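The next block holds one structure in the form of structure tokens; read it before the comments.
For the single chain, residues carry numbers from 1 onward in sequence order. Here the structure is a predicted model, which means the values were calculated and not measured.
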Amino acid sequence: MKVSYHAAQRFLERVVNQLEFSKMDIYNTQDYLEVLLKDVVISSYKRQFALPNFQRFVGIYQEDVLVTIIPKDKKQLRPSNKFKKYTYIGD
């Protein structure tokens with residue numbers, strides 16, 4: 001599974017709690033996550049899954065690319081308008 005730049009950035013912000021990082025940190029995180037997720041089998045076009053080794057977080061993928069990482073307590077989605085765009089429930 002490939003990892004987007006955005007997902008690597010969210011991993012550093014949300015999982016590692018690192019607020020300042022360089023582009024090199026993000027690229028290294030992308031490499032780390034690709035190795036971590038190499039055995040994840042996807043079953044649909046777009047879905048969420050529990051992030052291995054990090055039980056409090058959920059990864060969301062689309063077309064074999066990890067697009068973002070969110071905390072598990074915010075994984076409930078609700079439609080925000082008639083075009084079925086979603087917003088996260090929570091703060």
Side-chain angles (χ1 to χ4, degrees):
M1 177 179 295
K2 295 184 183 192
V3 177
S4 70
Y5 187 89
H6 175 81
Q9 186 178 6
R10 293 299 174 251
F11 181 84
L12 288 171
E13 290 173 355
R14 296 176 178 164
V15 178
V16 183
N17 291 324
Q18 186 176 351
L19 300 177
E20 296 180 9
F21 39 82
S22 66
K23 286 185 179 181
M24 200 63 195
D25 293 334
I26 294 174
Y27 293 137
N28 290 336
T29 303
Q30 278 181 305
D31 293 338
Y32 168 74
L33 289 172
E34 286 178 4
V35 170
L36 181 70
L37 301 174
K38 69 179 179 184
D39 295 329
V40 173
V41 177
I42 61 170
S43 60
S44 67
Y45 172 76
K46 183 176 182 180
R47 184 168 262 170
Q48 58 192 19
F49 64 96
L51 203 60
N53 300 334
F54 303 99
Q55 284 86 18
R56 293 183 26 230
F57 296 92
V58 173
I60 298 175
Y61 70 85
Q62 182 174 346
E63 290 185 6
D64 196 30
V65 176
L66 180 67
V67 291
T68 194
I69 297 172
I70 58 174
K72 239 183 197 177
D73 59 344
K74 294 186 180 183
K75 75 176 184 176
Q76 297 294 325
L77 299 173
R78 67 170 182 221
S80 63
N81 62 22
K82 63 182 177 184
F83 298 111
K84 295 192 178 191
K85 292 185 179 179
Y86 291 91
T87 57
Y88 295 108
I89 296 173
D91 31 3

- Which pair of non-hydrogen atoms, one from Gln30 and one from Val3, has the smallest distance, and what is that distance? NE2-O, 2.9 Å

- Task: Using the rule that two of Ile, Leu, Val, Met, Phe, Trp, Tyr join whenever any of their side-chain heavy atoms come within less than 4.5 Å, decide whether Phe54 and Ile70 are in one cluster.
- Result: no

- Here the pair of heavy atoms bringing Ala7 nearest to Leu66 is CB-O, 3.4 Å

- Message: Please report the interatomic distance NZ(Lys2) to CG(Leu33), rounded to the nearest 0.5 Å.
- Response: 15.0 Å

- Query: Can you name the nearest heavy-atom pair linking Gln18 to Glu20, along with the distance?
  - Reply: NE2-O, 3.1 Å

- Can you spot which of Asn28, Leu19, Ile69, Thr29 makes a side chain to side chain contact (heavy atoms under 4.5 Å, CB included) with Leu12? Thr29

- Query: What's the verdict on side-chain contact (heavy atoms from CB on, under 4.5 Å) for Tyr45 and Gln62, showing C-alpha distance, side-chain angles and the deciding distance?
  - Reply: CA-CA 6 Å; Tyr45 172 76; Gln62 182 174 346; 2.9 Å; yes

- Note on the structure: Taken to the nearest 0.5 Å, the spacing of Glu34 CD from Leu36 CG works out to 11.0 Å

- Message: Can you classify the ring geometry of Phe11 versus Tyr32 as parallel (below 30°), tilted (30 to 60°) or perpendicular (above 60°)?
- Response: tilted

- Message: Looking at every heavy atom in both Arg47 and Ser44, which two are closest together, and how far apart are they?
- Response: CB-OG, 3.5 Å

- Task: Taking ring pair (Phe, Tyr, Trp, His ring centres under 6.0 Å) as the test, write out the residues that go with Phe49, two or more places apart.
- Result: Tyr61

- Task: Check Ser4 against Val67 and note the closest heavy-atom contact, atom names and distance.
- Result: OG-O, 3.4 Å

- Query: Going by heavy atoms in the side chains, are His6 and Thr68 under 4.5 Å from each other?
  - Reply: yes

